[in-house]
Amino acid sequence: MFVLVNLKTYPCDPVAVAEAVRDVDETTDARLAVAPAATHIERVAETGAETWAQHVDPIDHGSNTGHALAEHVADAGAVGTLVNHSERRLKLADIDGTVRAAQRADLETIVCANNPAQIGAAAALGPYAVAVEPPELIGTGTPVSQADPDVVEDAVAAAADVDPDVSVLCGAGISTGDDVVAAGDLGAGGVLLASGVAKADDPKAALEDLVAPL
Ligand SMILES: O=C[C@H](O)COP(=O)(O)O
């Protein structure tokens with residue numbers, strides 16, 4: 001299972017969380033990674049934790065003030081990027097352009113979507129993976145795998161119909177090892193989570209709990 005921890009802009013210590021991700025990753029067969037804010041990518045990557053960006057822009061080198069260039073993100077140490085997160089929605093053409101920009105810079109991509117229909121469209125763009133997240137469950141602590149298991153199973157089926165090689169993550173409300181196991185039982189290849197680790201009093205303990213049953 002792939003466990004990707006999105007730090008969003010939560011007021012946690014990104015380096016401390018990254019060190020916990022790195023250390024817990026060494027204890028499990030699961031793949032752990034962390035997605036810090038753009039300005040923290042370099043420091044987080046230096047910990048040795050697998051580091052992802054939360055977003056890059058569908059641009060090339062040039063006149064793009066204030067944008068995030070895929071090559072710069074890769075140079076800072078990221079190995080992949082989220083695309084179209086629910087809190088950073090893009091138009092379809094820009095999702096496609098972002099996936100191309102990331103591929104150009106050898107970044108893996110996880111394209112996020114709200115529902116199975118969008119997951120099918122996202123899988124058609126050739127990302128490494130897609131992530132289904134019902135927005136209404138994000139940050140609630142109510143896991144999508146319990147609250148809406150059909151959306152996970154339907155997303156897995158929708159992605160498989162388009163491209164069986166595209167893995168499906170699920171996210172929203174995931175915070176325990178039981179949630180991760182439930183996600184896997186529904187066919188997900190991983191989970192995308194944030195508050196369960198980023199807002200935990202002890203992020204390392206939260207990570208250990210997430211991978212304990214795996
Ligand atoms: O990127 C992570 C998702 O938006 C899920 O957030 P959450 O784990 O706080 O519900």
Side-chain angles (χ1 to χ4, degrees), residues 1-14 17-18 20-21 24 30-38 40-41 44 49-56 68 73 78-90 95 98 102 107-116 118-119 122 127-149 151-152 155 167-184 186 188-211 214:
M1 291 290 276
F2 188 19
V3 177
L4 178 54
V5 180
N6 178 6
L7 302 185
K8 304 192 175 184
T9 55
Y10 285 127
C12 58
D13 178 343
V17 176
V21 166
V24 175
R31 173 185 175 186
L32 270 62
V34 59
H40 296 153
I41 287 173
V44 162
E50 181 177 322
T51 303
W52 282 58
Q54 297 176 10
H55 169 81
V56 300
V73 164
V79 301
T81 185
L82 295 173
V83 182
N84 193 47
H85 189 277
S86 187
E87 294 149 9
R88 196 66 168 84
R89 281 285 183 242
L90 302 173
I95 298 171
T98 301
L107 294 171
E108 292 185 315
T109 48
I110 296 176
V111 178
C112 303
N114 287 0
N115 57 48
Q118 292 179 18
I119 284 289
Y128 160 70
V130 292
V132 63
E133 290 199 313
E136 66 276 13
L137 295 176
I138 291 175
T140 62
T142 301
V144 60
S145 46
Q146 278 181 23
D148 201 350
V151 80
V152 181
S167 179
V168 179
L169 281 66
C170 68
I174 304 287
S175 64
T176 70
D178 288 345
D179 299 341
V180 180
V181 169
L186 294 168
V191 295
L192 174 61
L193 76 154
S195 48
V197 171
K199 295 175 78 173
D201 291 336
D202 184 344
K204 187 173 183 183
L207 288 162
E208 287 169 340
D209 180 63
L210 280 162
V211 303
L214 302 180

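The chain is numbered in sequence order, starting from 1. Indexing begins at 1, ligand by ligand and atom by atom, following the structure's order.
If you run side-chain contact (heavy atoms from CB on, under 4.5 Å) between Thr98 and each of Leu107, Leu82, Thr109, Val83, only Val83 comes through.
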Which pairs of nitrogen or oxygen atoms, taken one from ligand 1 and one from the protein, are under 3.5 angstrom apart?
| from | atom 1 | to | atom 2 | distance (Å) |
| --- | --- | --- | --- | --- |
| ligand 1 | 1 (O) | Asn6 | ND2 | 2.9 |
| ligand 1 | 1 (O) | His85 | NE2 | 2.8 |
| ligand 1 | 4 (O) | Lys8 | NZ | 2.8 |
| ligand 1 | 4 (O) | His85 | NE2 | 3.0 |
| ligand 1 | 4 (O) | Glu133 | OE1 | 3.3 |
| ligand 1 | 4 (O) | Glu133 | OE2 | 3.1 |
| ligand 1 | 6 (O) | Lys8 | NZ | 3.4 |
| ligand 1 | 8 (O) | Ala194 | N | 2.8 |
| ligand 1 | 9 (O) | Ser195 | N | 2.9 |
| ligand 1 | 9 (O) | Ser195 | OG | 2.5 |
| ligand 1 | 10 (O) | Gly139 | N | 2.7 |
| ligand 1 | 10 (O) | Gly173 | N | 2.8 |

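The aromatic rings of Trp52 and Phe2 are tilted relative to each other, their planes meeting at an angle between 30° and 60°.
At least one donor-acceptor pair closer than 3.5 Å links the side chain of Thr51 to the backbone N or O of Ala49. Side chain of Gln54 to main chain of Lys8: a donor-acceptor pair is present (N/O by atom type, distance under 3.5 Å, no hydrogens or angles). Side-chain N or O atoms of Asn84 include one that pairs as donor or acceptor with a backbone N or O of Cys112 at under 3.5 Å.
Nearest heavy-atom pair, Ala78 versus Ala53, reported as atom, atom and distance to 0.1 Å: CB-N, 4.1 Å.
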